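Counting starts at 1 for both ligands and their atoms, following the listed order. Everything numeric in this text was worked out from a predicted model, so none of it was measured. Worth knowing before you read on, the calculation uses all heavy atoms, side chains too, and leaves out hydrogens, waters and symmetry mates.
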Amino acid sequence: MTEIDFILKSYNTDIKGGSVKWESPSNIALVKYWGKKENQIPENPSISFTLTDCKTITEVTFSKKESNNFSFDIYFEGEKNEAFKPKIQTFFERIEVYMPFLKDYHFKIETSNTFPHSSGIASSASGMSAIALCLLSIEQKLSYTSNRGDLSYFDKKASFLARLGSGSACRSINGELVVWGKNKSTESSDLYGVKFDGKVHENFSNYQDTILLVDKGEKQVSSTIGHKLMYGHPFAKERFSQAHNNLEKLKTILASGDIKAFVKVVESEALTLHAMMMTSMPYFILMKPNTLQIINKIWEYRAENNSNVCFTLDAGANVHMLYPENEKENILEFIKNELVIYCQNGHYICDQIGLGANQIGF
Ligand code: PMV
């Protein structure tokens, strides 16, 4: 599919308004996306676990209007929010060509997260995918016939739109594993996320992700800036080809159920992501001392208990602990006894691999 396939060609202008509601989860990358080209096209492929409980719930109410500009209000957790407006304005500008009805309506966007406000958990993936899904459901109400009821088209366009809001958001529409970015190992596209088409061994069923909240403050360097610093980065070329290799390795690992090999790829990806940050110009560090304390504790615990727990990081200081379901009890005990002291206000969130977004209001 190409961009042109996602342009809505004609729509019913008689519809006065209505509302739709979606919940959409966050996701955690195993092979990381870091570096992009024009129009949110990734420099390298990535693959992620979709989460279950860390999600954004968004309701969009639309009503017909006259003026020829974008008009919307955003309410975050019940309160009108001005801070999110520029991001949504940019999003509307980017997607207008695919959704020509956007200037015909006023949109009231009401959104909330299931995870605590400013927990340092990136809400852009869940937030942008939820709003993209709402707008696409509105498009379905307005469109006469075009691709109505075609689930595969719906998911692709939702992911395509979400990508234009925030790259990693395109991996939140489906589950349990989603690939984004052209590569030779899996079915894939640069334009949208695709459900991983390979075999997944039962060792990875109900895989757990406990997120240790090390630092809930605002990040010193946003991912938008971080991605840009990959232009002219001395190790960029090697990094992008490493991501291709790691995806290929992971495909084999997911099929065979080799968790020891999984741990190596996932941890190496997390550290490489942060190594790219530390070696860009200007350089920066998003990990905190407690991030490293936790990583060392996880390594100690794994060696002493023959455990398969591993860590990954996104663009921040929080640590995602990934582990098989059969270790749940022991790992939660380990967290309570030894890791909670490194978490800000003792906070951590238990989540697990999930199936993707759900429509909850029509
Ligand atoms: O979607 P963005 O632009 O916020 O970038 C997110 C990048 C990482 O979370 C660091 C990695 C990834 O693949 O999700």
_Chi angles and distances behind the ring pair (Phe, Tyr, Trp, His ring centres under 6.0 Å) call for F49, F204_ = CA-CA 10 Å; F49 271 155; F204 297 104; 7.2 Å; no

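Among E269, K32, E267, the one residue that satisfies the side chain to side chain contact (heavy atoms under 4.5 Å, CB included) test with T312 is K32. Just one residue in the list F72, Y11, F62 forms a ring-ring contact (aromatic ring centres under 6.0 Å, His included) with Y105, and that residue is F62.
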One pair per line, please: each N/O atom of ligand 1 matched with every protein N/O atom under 3.5 Å away, atom names first, then the distance to 0.1 Å.
residue, atom, partner, partner atom, Å
ligand 1, 1 (O), S166, OG, 3.1
ligand 1, 1 (O), S168, N, 2.9
ligand 1, 1 (O), S168, OG, 2.6
ligand 1, 3 (O), H227, NE2, 3.0
ligand 1, 4 (O), S223, OG, 2.9
ligand 1, 5 (O), H227, NE2, 3.0
ligand 1, 13 (O), Y33, N, 2.9
ligand 1, 13 (O), R171, NH1, 3.0
ligand 1, 13 (O), R171, NH2, 3.2
ligand 1, 14 (O), R171, NH2, 2.7

Side-chain donor-acceptor pairs under 3.5 Å in residues 329-346, sequence neighbours left out?
residue, atom, partner, partner atom, Å
N337, ND2, E333, O, 3.3
E338, OE1, K297, NZ, 3.4
Q344, OE1, K216, N, 2.6

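Under the 30°/60° scheme for interplanar angles, the aromatic rings of W34 and H227 are found to be tilted. Using cut-offs of 30° and 60° for the angle between ring planes, the Y192 and F6 rings count as perpendicular.
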